[in-house]
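Before any comments, here is the structure.
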There are 2 protein chains.
Amino acid sequence: MADDTQRARAQDRPGYELPLLLFAGFRSLIDQLHTELARQGHPDVRPAYGFAMQAIGRDGATASELGRRLGVSKQAAGKTADRLEALGYAVRADDPADARRKVIRLTPRGMDSLARSAAIFEELRAQWAAALGPERLRDLEDDLSVMVPRGALRLDAAGWFGA
Amino acid sequence: MADDTQRARAQDRPGYELPLLLFAGFRSLIDQLHTELARQGHPDVRPAYGFAMQAIGRDGATASELGRRLGVSKQAAGKTADRLEALGYAVRADDPADARRKVIRLTPRGMDSLARSAAIFEELRAQWAAALGPERLRDLEDDLSVMVPRGALRLDAAGWFGA
DNA sequence: ACGTTTTCGACAACCACGTTGTCCATCCTA
DNA sequence: TAGGATGGACAACGTGGTTGTCGAAAACGT
């Protein structure tokens, strides 16, 4: 046992594993979310749609606002809104107070998928807490929030590959 | 101080933060890697190329093999190889032993970017170790490797959005 | 009150990255 | 040697992004 500790301390993991572990953790959570979401009646919600709906929120948003929140162009945000609309998760409505604006709002179906996502994430976190212990999980979260640049906890996950 | 601890323990972070933290950590590492890689003479290496070059490795691979390693179709792998070739990171050569196969091999420039990436990841991990303490970082890695499904530590990071 | 500037949404062209499907050449094997 | 499996190329398409342009509407400065 002392030997094991000794060995683990003597030999660190290679540096390239850290990003792989972080990504694999992220991906496994997202995959489980969407598997469960599909089981609960939302088979065609894609990760990008989830981020977008989160960014739209209860109060709705215009395409330009959505683009700013997601960190993409207003055109890209508009296309995403098109897809959400085609799937019945959002609707566009004219703003009576500003003839230029068209507000994107979530439908009840969109709200439902958002609420279910939140519940599923809670359940997944509980599974991690059960496996690792509540303190270790809190440490993990705290350590990550230390290393993550301030303000990087945004919703602009989609499309990061284009950097 | 005791109050702070009390408050932190009494109130867990919401479940949706966990994937966001994991992704933000991953992304910050990848972003820093590519910033530094650009500074060191590789400005047009994209994250997807790094994964692909890693998968090609010292010994080269065919498009079909590459596709299997990355978890994508052979056509997609072939397109990635096209881009690597256009940028001077890889070359294709006929296999004299099998007229069907065309082996993708890294050029010296490709090898160089791979070696630099490894060194940069090592440096980044050292920064995390300095900020969190070596034990906490090891705990973080260990905890993640516990939660990540066996075999999910693969190179198929690119294109996961299409699920 | 009237130009100027800004903002918004739409449209088009394009690129990166993935998918299926098809096709043919080549290799392996029964 | 006939048949099946494999490898690569090509085409069409979907998704998620980009820039650039445009006209209509709002906001602002004089």
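Order of the sequence lines fixes the chain letters, A, B, ..., with proteins taken first and strands second; residue numbering starts at 1 for each chain.
The side chain of A/Tyr49 places an N or O atom within less than 4.0 Å of a non-bridging phosphate oxygen (OP1 or OP2) of D/dG16. Phosphate contact (OP1/OP2 of D/dT6, side-chain N/O of B/Arg68, threshold under 4.0 Å): absent. Residue B/Ser73 has no polar side-chain atom (N or O) positioned under 4.0 Å from OP1 or OP2 of C/dG18. A close approach under 4.0 Å does not occur between any side-chain nitrogen or oxygen of A/Arg101 and OP1 or OP2 of C/dT6. At D/dA9, one or more side-chain N or O atoms of B/Lys102 fall inside 4.0 Å of OP1 or OP2 (strictly under the cut-off).
Side-chain atoms of A/His34 and A/Ile30, non-hydrogen and from C-beta on, do get closer than 4.5 Å to each other. Proximity of A/Gln32 to A/Glu123: side-chain heavy atoms (C-beta onward) are nowhere separated by under 4.5 Å.
Both B/Leu87 and B/Leu106 sit in one connected hydrophobic cluster of ILVMFWY residues. Membership requires side-chain heavy atoms under 4.5 Å apart, directly or through other members.
Just one residue in the list A/Arg101, A/Arg100, A/Lys102 forms a side-chain hydrogen bond (donor to acceptor under 3.5 Å, both in side chains) with A/Asp98, and that residue is A/Arg100.
The CD1 atom of B/Ile104 sits 12 Å away from the P atom of D/dG7 (whole-angstrom rounding). Straight-line distance from the CG atom of A/Asp44 to the P atom of D/dG16: 12 Å, rounded to whole Å. Nucleotide C/dT19 holds its P atom 12 Å from the CZ atom of A/Arg46, rounded to whole Å. Protein atom NZ of B/Lys74 is 10 Å distant from nucleotide atom C1' of C/dT22, rounded to whole Å.
Nearer the 5' end of DNA chain D, as judged by each residue's closest nucleotide, is the contact made by B/Glu65, out of A/Ala99 and B/Glu65. Comparing A/Arg100 and B/Thr62 by the nucleotide of DNA chain D that holds the closest heavy atom to each, the one mapping nearer the 5' end is B/Thr62.
Within residues 75-97 of chain A, the residues having any heavy atom closer than 4.0 Å to DNA chain D are, in order of number, A/Gln75, A/Ala76, A/Lys79, A/Thr80, A/Arg83.
The pair B/Asp112-B/Arg116 counts as a salt bridge, with a side-chain nitrogen and a carboxylate oxygen less than 4.0 angstrom apart.
By the neighbour-count criterion of 12 heavy atoms within 6.0 Å, atom OH of A/Tyr16 is sparsely surrounded, having that number or fewer from other residues, nucleotides or ligands.
For B/Ala63, the side chain to side chain contact (heavy atoms under 4.5 Å, CB included) test picks out B/Ile104, with sequence neighbours left out.
For B/Ser64, taking side-chain heavy atoms from C-beta onward, the closest of the listed nucleotides C/dC17, D/dG7, C/dA10 is D/dG7.
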